[in-house]
Amino acid sequence: MASHFCAGIVVLATLETAREFHRVDTIRIGAVLDESDTGGPAGTADLERWATATTAGTVRSDGVFTWVDGPDAQADVPSTDGVVLPGRSIAILDVPSLALATGAANVRFDMAVGESAARRRGDPASIEIRVDLEGVGPTGAPLSTSRYLVHPAGQRPLTALGIALGVERQLALRGEAVPPGIHTPESLIDPAYAAERLAEIGAIFVDAPGDMDPAASR
């Protein structure tokens with residue numbers, strides 16, 4: 001089951017970043033999807049279905065999964081160039097996947113559809129996914145990181161990779177055969193391996209402004 005953002009790639013990339021933490025308390029994802037990069041007819045239909053099915057988003061707050069709507073669902077989603085786009089919390093499987101995989105008590109996924117930073121520079125549409133993590137580091141001290149997962153060619157390479165990794169795993173082309181059942185990407189795919197494949201297709205992690213962790217950029 002990969003009805004996650006970009007077919008689970010954001011979940012896997014976030015879990016790879018979370019390896020730096022001893023305990024993760026808060027995860028906040030902010031995705032900027034370029035309005036010219038929503039995909040083909042199926043992708044457009046999915047966005048329309050999202051918009052009409054519910055205006056509420058799914059979050060985990062203080063350990064409880066709940067719905068947010070109205071002003072509580074609205075959010076500012078910052079782009080890599082500092083431009084802030086209006087977005088909102090969405091009902092997406094990334095929230096329970098990340099919450100249950102990390103134990104984080106607070107998880108939220110916001111999405112904004114608009115003009116990406118690359119297109120504002122006159123380049124083709126990019127995708128920018130901000131990942132903010134807060135918790136405790138290996139030494140017991142508070143730790144927080146803020147990074148963007150960026151691909152200059154937009155969401156399609158990330159989504160294609162998410163699908164390819166899932167098919168590869170289910171066909172036992174990597175790892176043991178998958179037993180019958182319902183599986184999510186993080187239950188089958190090693191986040192470190194996903195990060196390697198992300199680098200191979202041209203995706204990069206960049207520090208968000210204000211993140212002073214010297215190990216954050218890679």
Side-chain angles (χ1 to χ4, degrees), residues 1-21 23-24 26-33 37-40 42-43 45-47 49-50 53 57-60 65 89-111 126-133 135 145 147-151 153-205 218:
M1 180 179 294
S3 293
H4 301 64
F5 197 75
C6 293
I9 278 295
V10 176
V11 167
L12 295 169
T14 301
L15 292 178
E16 174 62 12
T17 300
R19 291 180 188 269
E20 302 172 16
F21 288 72
R23 187 187 76 230
V24 178
T26 299
I27 301 174
R28 184 156 187 169
I29 310 294
V32 176
L33 179 65
D37 184 39
T38 57
D46 202 33
L47 284 176
R49 177 183 61 81
W50 251 344
T58 304
V59 303
R60 193 182 202 192
F65 290 104
S89 171
I90 58 176
I92 196 166
L93 287 175
D94 298 59
V95 171
S97 281
L98 287 171
L100 298 176
T102 64
N106 302 287
V107 183
R108 178 174 173 131
F109 193 114
D110 299 315
M111 183 175 73
S126 62
I127 189 166
E128 307 153 42
I129 303 154
R130 179 166 173 148
V131 178
D132 294 312
L133 300 178
T145 63
R147 301 173 190 170
Y148 283 94
L149 173 62
V150 178
H151 199 291
Q155 60 83 15
R156 301 178 194 198
L158 300 187
T159 302
L161 178 61
I163 294 170
L165 293 181
V167 172
E168 177 186 55
R169 184 68 180 84
Q170 291 187 78
L171 294 179
L173 298 176
R174 180 178 177 84
E176 299 178 355
V178 177
I182 297 176
H183 306 276
T184 54
E186 74 278 5
S187 69
L188 298 179
I189 302 166
D190 180 5
Y193 173 64
E196 292 175 3
R197 299 301 300 271
L198 277 167
E200 290 176 359
I201 68 166
I204 58 172
F205 286 97
R218 52 183 169 170

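Below, each value reflects all heavy atoms present in this structure, side chains not excepted, and no hydrogens, waters or symmetry copies. Counting begins at 1 with the first residue of the sequence. The shown structure was predicted, so the numbers you read here are calculated from the model rather than taken from an experiment.
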**Prompt:** Do I129 and V32 touch side chain to side chain, with heavy atoms closer than 4.5 Å?
**Reply:** no
**Item:** Test log, rule side chain to side chain contact (heavy atoms under 4.5 Å, CB included), inputs I9 and L165
**Value:** CA-CA 9 Å; I9 278 295; L165 293 181; 4.0 Å; yes
**Request:** With the side chain counted from C-beta on, respond yes when D132 and I27 share a heavy-atom pair under 4.5 Å apart, and no when they do not.
**Result:** no
**Item:** Evaluation steps, side chain to side chain contact (heavy atoms under 4.5 Å, CB included), between L198 and L158
**Value:** CA-CA 8 Å; L198 277 167; L158 300 187; 3.6 Å; yes
**Fill in**
Note: G154 and P157 closest approach over all heavy atoms is O-CD, 3.2 Å
**Request:** Apply side-chain hydrogen bond (donor to acceptor under 3.5 Å, both in side chains) to T184 and list each qualifying residue two or more places apart in sequence or on a separate chain.
**Result:** E186
**Complete:** On a heavy-atom basis, the closest approach of G135 and F21 is N-CE2, 3.6 Å
**Asked** Can you list the residues that meet the side chain to side chain contact (heavy atoms under 4.5 Å, CB included) rule with A195, with sequence neighbours excluded?
**Response** E16
**Item:** F109 vs V59 side-chain heavy atoms within contact, under 4.5 Å
**Value:** no
**Request:** Just jot down the salt bridge (Lys or Arg N to Asp or Glu O under 4.0 Å) partners of R23, sequence neighbours excluded, or say none.
**Result:** D25
**Item:** Derivation and outcome, side chain to side chain contact (heavy atoms under 4.5 Å, CB included), residues F5 and V11
**Value:** CA-CA 8 Å; F5 197 75; V11 167; over 6 Å; no
**Prompt:** From C6 SG over to L149 CG, what is the distance, rounded to the nearest 0.5 angstrom?
**Reply:** 8.0 Å
**Asked** Do V131 and T145 have side-chain heavy atoms sitting under 4.5 Å apart?
**Response** no
**Request:** Scan for side chain to side chain donor-acceptor pair (under 3.5 Å) pairs involving residues 164-178, sequence neighbours excluded, and state none if there are none.
**Result:** E168-Y193
**Message:** To the closest 0.5 Å, what do you measure between OH (Y148) and CZ (R130)?
**Reply:** 4.5 Å
**Complete:** When every non-hydrogen atom of T38 is compared with those of Q155, the smallest separation belongs to C-NE2, 4.0 Å
**Message:** Give me the atom names and distance for the closest heavy-atom approach of I189 to A194.
**Reply:** CG2-CB, 4.4 Å
**Complete:** The complete set of salt bridge (charged side-chain N to carboxylate O under 4.0 Å, His left out) pairs with one or both residues in residues 95-108, sequence neighbours excluded, reads R108-D110
**Message:** Nearest 0.5 Å, please: how far is CD1 in I92 from OG in S97?
**Reply:** 9.5 Å
**Item:** Heavy-atom donor-acceptor pair, H151 side chain to E128 backbone, under 3.5 Å
**Value:** no
**Message:** Suppose we screen for salt bridge (Lys or Arg N to Asp or Glu O under 4.0 Å). Which residues come up paired with D94, at least two apart in sequence or across chains?
**Reply:** none
**Test side chain to side chain contact (heavy atoms under 4.5 Å, CB included) applied to V178 and L188, step by step** = CA-CA 8 Å; V178 177; L188 298 179; 4.0 Å; yes
**Request:** Mind checking the CG-CZ spacing from L161 to R197? Nearest 0.5 Å is all I need.
**Result:** 6.0 Å
**Message:** Between T14 and V10 (side chain of the first, backbone of the second, donor and acceptor by atom type, cut-off under 3.5 Å), is there such a pair?
**Reply:** yes
**Item:** Reported CG-to-CG distance for the pair D190 and L15, which is rounded to 0.5 angstrom
**Value:** 10.0 Å
**Request:** Search all heavy atoms of P185 against all heavy atoms of H4 and return the closest pair with its distance.
**Result:** CD-CE1, 3.4 Å
**Fill in**
Scanning both residues in full, the closest heavy-atom pair of L33 with I127 reads CD1-CD1, 4.4 Å
